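This report refers to the structure that appears directly beneath it.
All figures in this text were calculated on a predicted structure; none of them were measured in a lab. Within every chain, numbering begins at 1; the chains are lettered A, B, ... in the order of the sequence lines, protein sequences first and strands thereafter.
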There are 2 protein chains.
Amino acid sequence: MGFQNNLKGKAQIFKALAHPTRLSIVEKLLEGERCVNDIRDLFEVTQPNISQHLNILKYSGVVDCRQKGNLRCYFLIEPEKLRKLLNVLK
Amino acid sequence: MGFQNNLKGKAQIFKALAHPTRLSIVEKLLEGERCVNDIRDLFEVTQPNISQHLNILKYSGVVDCRQKGNLRCYFLIEPEKLRKLLNVLK
DNA sequence: TATAAATATAATAATATAATAATATTGAAA
DNA sequence: TTTCAATATTATTATATTATTATATTTATA
């Protein structure tokens, strides 16, 4: 579930984080779960593009989502790991 | 020098680590500096390809190199940060 | 100073990723 | 049960990355 130990798995997680938009999404989700439109409003980016980035984060094991009414809320699967990861780069 | 605090800089470092070959190079360099051919022998990869990956790691601020006789030795600029980064994914 | 070993650079072809535009799906409420 | 808001999917185009091949550069040494 989520984070991987092997080489390809690790590289995949780094790849998921290797885009400014996705990195911003992750930083936002460190504050708590957010629905797609909340996330979209943070950027000058189209809705389908955000959806695509979210999908990349999802199949990389970084986020997951749940339906909440007619909203789809995304959240970090392992927020503490991501917090540590990003803290190292400060 | 090396690691960056801003969004693009962070994304660039993740991008540098987002390839299995480069990740393996970094893991090897955690043991200490290595010349190109030492690194090359670890993989089934051509010499120019290793050189290219090393160059990506270099301009991303992850490694630097120094001449040592006729060898060029690569080393991690901030080994402790990388050690922490990789430890998070375990 | 010619040669060999070590490494880098350049050009190319193959592949992957990104953004965009158009369309489809889903759930809630009217 | 139609409509709307929220989100996803698909296809397309543009761009970036990767591996490969060929060639160049550099350093040490014969």
Side-chain angles (χ1 to χ4, degrees), chain A residues 4 7-29 32-77, chain B residues 4 7-29 32-77:
Chain A
Q4 305 257 345
L7 201 65
K8 281 194 180 178
K10 287 185 202 171
Q12 181 61 44
I13 288 178
F14 286 130
K15 195 188 273 186
L17 302 176
H19 189 286
T21 298
R22 290 195 295 270
L23 204 48
S24 294
I25 291 173
V26 168
E27 286 181 349
K28 192 65 189 173
L29 294 183
E33 70 174 21
R34 291 286 185 278
C35 76
V36 179
N37 266 334
D38 288 347
I39 296 168
R40 185 207 166 164
D41 290 346
L42 301 170
F43 309 105
E44 307 238 329
V45 166
T46 61
Q47 175 271 317
N49 193 225
I50 286 288
S51 249
Q52 286 171 342
H53 282 306
L54 285 169
N55 190 43
I56 289 168
L57 289 170
K58 193 174 176 196
Y59 71 63
S60 302
V62 175
V63 306
D64 201 356
C65 65
R66 67 192 185 85
Q67 200 73 23
K68 191 177 174 183
N70 60 342
L71 303 181
R72 193 165 294 200
C73 291
Y74 281 80
F75 55 90
L76 299 173
I77 293 177
Chain B
Q4 306 256 345
L7 200 65
K8 281 195 181 178
K10 286 185 205 170
Q12 179 62 45
I13 289 179
F14 286 130
K15 195 189 272 186
L17 301 176
H19 189 286
T21 299
R22 291 196 294 272
L23 205 50
S24 294
I25 292 173
V26 168
E27 286 182 347
K28 192 64 188 172
L29 294 182
E33 71 174 20
R34 291 287 185 277
C35 75
V36 179
N37 265 334
D38 287 348
I39 296 167
R40 186 207 167 164
D41 290 346
L42 300 171
F43 309 105
E44 307 237 328
V45 167
T46 61
Q47 174 270 316
N49 193 228
I50 286 289
S51 252
Q52 286 171 342
H53 283 305
L54 285 169
N55 190 44
I56 290 169
L57 289 170
K58 193 174 176 195
Y59 72 63
S60 302
V62 175
V63 307
D64 201 355
C65 65
R66 66 190 185 88
Q67 200 72 25
K68 192 177 172 183
N70 60 341
L71 303 181
R72 193 165 293 200
C73 291
Y74 282 80
F75 56 90
L76 299 173
I77 293 176

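Under 4.0 Å is where a charged nitrogen must lie from a carboxylate oxygen, and between A:R72 and A:E33 no such pair does.
With a cut-off of 3.5 Å on both Watson-Crick or G-U wobble distances, the partner of D:dT20 is given as C:dA11.
Side-chain atoms of B:R66 never come within 3.5 Å of backbone atoms of B:C73 as a donor-acceptor pair (strictly under, hydrogens ignored). Although no hydrogens or angles enter the test, the distance criterion places no donor-acceptor pair under 3.5 Å between the side chain of B:R40 and the main chain of B:P48.
For the pair A:R34 CZ and D:dT7 C1', the computed distance is 18 Å after rounding to whole Å. Spacing between atom NZ of A:K58 and atom P of D:dA8 amounts to 8 Å, rounded to whole angstrom units. Taking atom CD1 of residue A:I50 and atom C1' of nucleotide C:dA18, one finds them 13 Å apart after rounding to whole Å. Rounded to whole angstrom, the span from the CG atom of A:L71 across to the C1' atom of D:dC4 amounts to 14 Å. Rounded to a whole Å, the CG atom of A:L57 is 14 Å from the C1' atom of C:dT17. The distance between atom CZ of B:R40 and atom C1' of C:dT7, rounded to the nearest whole Å, is 11 Å. Rounded to an integer number of Å, the gap from CG of B:N55 to P of D:dA16 is 17 Å. Atom CG in B:L54 sits roughly 10 Å away from atom P in C:dT7 (whole-Å rounding).
In this structure, the ring pair (Phe, Tyr, Trp, His ring centres under 6.0 Å) partners of B:F14, at least two apart in sequence or on a different chain, are A:F14.
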Sugar-phosphate or base contact per nucleotide [nucleotides 17-30 of chain D; S, B, -; heavy atom under 4.0 Å]: SSBBBB----SS--
Derivation of the side-chain contact (heavy atoms from CB on, under 4.5 Å) call for A:F75 and A:D64: CA-CA 6 Å; A:F75 55 90; A:D64 201 356; 3.7 Å; yes
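Contact annotation: B:Y74 does not reach the phosphate of C:dA6 (side-chain N/O to OP1 or OP2, under 4.0 Å).
Considering only heavy atoms from C-beta on, A:I25 comes within 4.5 Å of A:F43 through its side chain.
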